[in-house]
2 protein chains.
Amino acid sequence: MVNKKDDNQTEKAILEAADKVFTQKGFAAARMEDIANEAGINRALLHYYFRSKDKMFDLIFQQRVAIFFSGLGQIMQSEKRLLEKIQAIVEHEITILLAHPYLPIFVLQELNQNPQRMLAIAENAGAHPSLLLKKFSVEVRAEIKAGTIRETDPAQLFMSIMGMTIYPFVARPVVKIILEKDDAGFENVMRQRKKGITDFIIHALKP
Amino acid sequence: MVNKKDDNQTEKAILEAADKVFTQKGFAAARMEDIANEAGINRALLHYYFRSKDKMFDLIFQQRVAIFFSGLGQIMQSEKRLLEKIQAIVEHEITILLAHPYLPIFVLQELNQNPQRMLAIAENAGAHPSLLLKKFSVEVRAEIKAGTIRETDPAQLFMSIMGMTIYPFVARPVVKIILEKDDAGFENVMRQRKKGITDFIIHALKP
DNA sequence: TATTAGTTTAACAATTTAGTTAAATCAAGT
DNA sequence: ACTTGATTTAACTAAATTGTTAAACTAATA
């Protein structure tokens, strides 16, 4: 038997709305009614589908963290050479952030308020986050030994990569004003930035 | 006549408490009682000193934004050569962020929810934020023409500097886990990072 | 046509929170 | 001792918010 609005279309609409509202306002400032309005339904139906605000939030938050970190882990563990790997990271992250602009500030803000969530989710995912850097570090040291890049601390390099790619999205409203861009302009700058960051890092690592 | 707890010590305690609570939880999640407890007083006295939550928040927020941007503007407008200027920016920002670790995520989160606040504060400060980049851009182009640095987009460079310095603080809980550091260890890494970032940028800019 | 599941409406209870107030208390200075 | 202003206590109001519920409605389906 098929629903009035066929299939699970409503559930999807709710999840999308919840994502939008939670992401833009954060958990504390998000109102169930905001989500209902955004989804084009009413509060009663919200609780009919998802029992409580907390349950909805946990769902959304896990999804968002997954999006934020998923691809990254795979690329970090891949067999590419270091510079190619860095390029892949940068392009992947910026592509994702262009599609989900408010993702990082949301995730990071909620993690800051509740840092143990990070560990819980990581455990759930099966791998400890510190593994993320292990292989990367080995590769960096190998390239240094081979003389292909100059002496560099892997952890510092990793933070630089992440900072250069993610920060502009976190500081989006400030960046837009300083650069005098609208949303379209901002996104253009970020697309150019894919190549810009990679070049920048390649030059910085030259022996 | 002097107060029970002499002078304006209480007002100071309240402001410090409000700073701490607002900064860590954000406006929406911050409770007046949290602030009162943190200040070692009760809610009634809070309203006796500062009429409302909004008033308190506006006060704190303006102060925080000022700290976040103040020194930066002066350095950007100064007469240093480009590389020295970059070094000064990095050292200044990291020094401030070590003293106020939760400052950027707080400011950026609240700005994201309320972007027009940025313009209001900027107007209040008398200068449009876009001026921040003007002189810097001229200098970058001059150095490029002089052949002292390679072809570089000033805006992209600026975002890279800010990203490398500020992002680790925004992502502090994640960084701590990935690097397996406690607070002291994290701060050590950030102190080392002052020189690390500057070196990184200098190499990246070499013709 | 009767059934069924999704949906709306509207009212409700319970809780949390901001903000107010009056009275009591306390710690100084005069 | 008296006064004064800061502070606490404790109660309160008003509003917002989450969550629940019963009844009505609707659209597809059997």
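As the structure is a prediction and not an experimental result, all values here were calculated from the model. Numbers restart at 1 for each chain; the letters A, B, ... are given by sequence-line order, proteins then strands.
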Are any of A/His47's side-chain N or O atoms less than 4.0 Å away from OP1 or OP2 of D/dT20? no
Given D/dT18, C/dG6, D/dT8, which nucleotide is nearest the side-chain atoms of A/Tyr49? C/dG6
So that I know where these two stand, are B/Phe186 and B/Phe169 an aromatic pair - ring centroids less than 6.0 Å apart? yes
Could you state the atom-to-atom distance from CZ of B/Arg31 to C1' of C/dT16 in whole Å? 8 Å
As a test of reading the structure: which of D/dG19, C/dT7, C/dG19 is closest to the side chain of B/Lys53, going by heavy atoms? C/dG19
Expressed in angstrom and rounded to an integer, what is the separation of B/Leu46 atom CG from C/dT17 atom P? 15 Å
Is there a donor-acceptor contact under 3.5 Å linking the side chains of A/Arg193 and A/Thr165? no
Flag for B/Asn112-B/Glu110: side-chain donor and acceptor within less than 3.5 Å: no
At under 4.0 Å, does any side-chain N or O of B/Thr10 touch on OP1 or OP2 of D/dT7? yes
Within a reach of under 6.0 Å around NZ of A/Lys12, are more than 12 heavy atoms found that belong to other residues, nucleotides or ligands? no
May I have the distance from B/Ile41 (atom CD1) to C/dT25 (atom C1'), rounded to whole angstrom? 16 Å
Show each protein N/O and nucleotides 9-14 of chain C N/O combination with a separation under 3.5 Å, one pair to a line.
none

Roughly, in whole Å, what's the span from CZ in A/Phe50 to P in D/dT18? 16 Å
B/Arg172 charged N/C atom sitting above B/Tyr102 aromatic ring, 6.0 Å / 45°: yes
Base, sugar-phosphate, or nothing for B/Ala30, non-hydrogen atoms under 4.0 angstrom? sugar-phosphate
Is it possible for you to check whether B/Arg64 lies under 6.0 Å from the centre of the six-membered ring of B/Phe106, through NZ or CZ, and within 45° of that ring's axis? no
What is the distance, to the nearest angstrom, from the CZ atom on A/Phe27 to the C1' atom on D/dT17? 12 Å
Please say whether more than 12 non-hydrogen atoms of neighbouring residues, nucleotides or ligands are located less than 6.0 Å from CZ in B/Arg191. yes
Quick one: B/Glu33 CD to C/dG19 P, roughly how many Å, whole number? 14 Å
Between C1' on C/dT8 and CG on A/Asn37, what's the gap in Å once rounded to a whole number? 14 Å
When you measure from the side-chain N and O atoms of A/Tyr48 to the phosphate of C/dA5, is any distance below 4.0 Å, counting only OP1 and OP2? no
